[in-house]
Structures are given as C-alpha cells and as structure tokens.
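Numbering of residues begins at 1 and proceeds along the displayed sequence. Remember, predicted model here, so these are calculated numbers, not experimental data.
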Amino acid sequence: MAEEHKHEESIMEKIAEKIHGHDSSSDSDDDKKSSSIKTKIYRLFGREKPVHKVFGGGKPADIFLWRNKKVSGGVLGAATLSWILFEYLQYNLLTLFGHISILALAVLFLWSSATTFIHKTPPHIPEVHIPEEVVLQLASGLRIEINRGFTVLRNIALGRDLKKFLMVVAGLWVLSKVGSSCNFLTLVYIATVLLFTVPVLYEKYEDKVDAFGEKAMKEIKKQYAVLDEKVLSKVMSKIPRGAFNKKKD
C-alpha cells in the first residue's frame, strides 16, 4: 500500500509539474506577445521616451507641459506682453527696462522710507536668484541639440545623406519665406507660443497623432521612393565620383 501511495504521489507531482510548465510557457508567450505589441507602437520621429523626458524631465519640462499652470501662464503672458510692447507700441528694450526699473525702485524706496516715520514694518523684499540646476539642465540640453545639429549638417555637407539634404534645404526655404513676412521678434514669439502649446497638446492626444503620423510617414516614404527611382537616382548616377576617389587614393 505504501508503494502504491508513493507511486500515486509521483504521478500527481509529474502532472503538477507539467501544468506549471505549461502555465509558465504560456505566460512567457503572453509576455513575448505583449512585448512585440509594444515594440510595434509607432512614435513620432522615432521617439522612445515620454514627452516629459524629451524636454529634460526637470522644471523646464514642467513649464513647457503646463505641470505648473501658474508659472507656465506667467511665462507665456510675459512673452505676450513683451511682444505687444515691442511690436505694437514700438518700445525700445533699454527704454522699457530703464522705466520699469526706475518706477520699481522709486516705489520700494519711498515705501521703505515711509515705514520708519509711521513705525511700521518695512516691505518684505525676497532674495531673487537663478537656480544653478535649471541653468545647467538648459545648457546641457541646448549643447546636445546643437552638437547633434552640427553632426547632421556635417554629414549632409559630405554628401552622405541625400534625403536629409533635401529636407534641410526645404526647411531653410520655408524659414526664409517666413522670415520675409515677419520680423525676428515676431518669429521668436511664434516659436514661444508653439513651444507652450504643441507639446502639451501632443502629450494629450499622442496616440491619435502618432497613428496619423505613421500613415503620413508611409505616404511620404512611398512618394520619396518614386522620386528617388525616377529623378534622384538618375541625377546621382551622372555625378562623377571616380575622380574624387582617385584623388583620395
């Protein structure tokens, strides 16, 4: 009886092991399927990080993505007010800075002086300083983007990427057209408004925008393939490259 009982226990253990093995394999298959589904998700411009991380993930990203609505609204409002003063009221920057500074210092000086005569506490003037961390984050992000732009321009100048060459030429042509229709200050203000509106809207509707972007990129690639086959390949084939290779040798 003991041997039969041990035999039954061994059979039950084998069945349990098979069941657990099947469950683990099915779980691993499900994980593979879910990971493959995740990898298939298209993100605009090949983005792999969240939008907040793309902007550095610090306080500047919080401002651009309206995590702190008071600060974001204040920055955008200050930019709008500055644009109105300089563009429509034709204020000069140094004149405006001088007038505001004179008015602020005069009010604070008279207020502080008056408190000594009426025996009241003077106004509390907080110490204003720029945090080092914010400046370093902005400088680091700006440095990375500038170096990346220099690398792209170098590769284009060396004739390594015809597609990027055409894209840069088209972008510069559009920029020249926009620059001819508005001045530099208006262009900076438009860029500021776009920086405070486009990223937050994209973060809110990124799934829909990415789906539309995927379709648009497929169509662009299809049209570029046709252009490359009919025009660009013929033009590139006529460019003599052997002479340059001989000079290098």
*Could you please spell out the steps behind the side chain to side chain contact (heavy atoms under 4.5 Å, CB included) verdict for K177 and W173?*
CA-CA 6 Å; K177 290 297 182 182; W173 181 79; 3.5 Å; yes

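- I84 and F184 are not part of a single hydrophobic cluster, where members link through side-chain heavy atoms under 4.5 Å apart.
- Listed by first then second residue, pairs satisfying side chain to side chain donor-acceptor pair (under 3.5 Å) with a partner in residues 182-200 read T80-Y189, W83-T186, E87-N183, N183-T186, not counting sequence neighbours.
- To the nearest 0.5 Å, atom CG of residue L142 and atom CD of residue Q137 are 13.5 Å apart.
- In the hydrophobic cluster analysis, where Ile, Leu, Val, Met, Phe, Trp and Tyr join through side-chain heavy atoms closer than 4.5 angstrom, V193 is grouped together with L65.
- Separating the CG atom in L138 from the CD atom in E133 is a distance of 10.5 Å, to the nearest 0.5 Å.
- In this structure, I190 CD1 and C182 SG are separated by 4.5 Å, a value rounded to the nearest 0.5 Å.
- Annotation: salt bridge (charged side-chain N to carboxylate O under 4.0 Å, His left out) contacts involving residues 57-84, sequence neighbours excluded, comprise R67-E203.
- A donor-acceptor pair under 3.5 Å is absent between the side-chain atoms of S101 and the main chain of G98, judged by distance alone.
- The OG atom of S140 sits 10.0 Å away from atom CD of E145, with the distance rounded to the nearest 0.5 Å.
- Here the closest non-hydrogen pair linking S181 and V178 is OG-O, 2.8 Å.
- Here the closest heavy-atom approach between residue W66 and residue G73 is recorded as CZ3-N, 3.6 Å.
- The cluster map of Ile, Leu, Val, Met, Phe, Trp and Tyr, joined by side-chain heavy atoms under 4.5 Å apart, puts L185 and Y88 in the same cluster.
- Taking CZ of R154 as the reference point, atom CG of N147 lies at 13.0 Å (rounded to 0.5 Å).
- No side-chain heavy atom of N155 sits less than 4.5 Å from a side-chain heavy atom of K164.
- For the atom pair CG (N92) and CG (L85), the distance works out to 12.0 Å, reported to the nearest 0.5 Å.
- Placement of F97 and I102 in two distinct hydrophobic clusters is found when ILVMFWY residues are connected by side-chain heavy-atom separations under 4.5 Å, directly or transitively.
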*Show your working on side chain to side chain contact (heavy atoms under 4.5 Å, CB included) between K218 and K221 and close with a plain yes or no.*
CA-CA 5 Å; K218 287 180 179 179; K221 288 179 179 179; 5.9 Å; no

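- A donor-acceptor pair is defined here as one N or O able to donate and one able to accept, closer than 3.5 Å; no such pair exists between the side chain of S112 and the backbone of F109.
- Partner I63 forms a side chain to side chain contact (heavy atoms under 4.5 Å, CB included) with one of V134, L195, V71 and no other, that one being V71.
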*Evaluate the criterion side chain to side chain contact (heavy atoms under 4.5 Å, CB included) for residue pair E132 and L136; output intermediate values, then yes/no.*
CA-CA 6 Å; E132 183 180 1; L136 291 176; 3.8 Å; yes

*Could you walk me through whether T95 and H99 pass the side chain to side chain contact (heavy atoms under 4.5 Å, CB included) test, one step at a time?*
CA-CA 6 Å; T95 305; H99 289 175; 3.5 Å; yes

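- Y205 and F196 fall within a single hydrophobic cluster, where Ile, Leu, Val, Met, Phe, Trp and Tyr are joined by side-chain heavy atoms under 4.5 Å apart, directly or via other members.
- The neighbour count for I130 CD1, taken as heavy atoms of other residues, nucleotides or ligands under 6.0 Å away, does not exceed 12.
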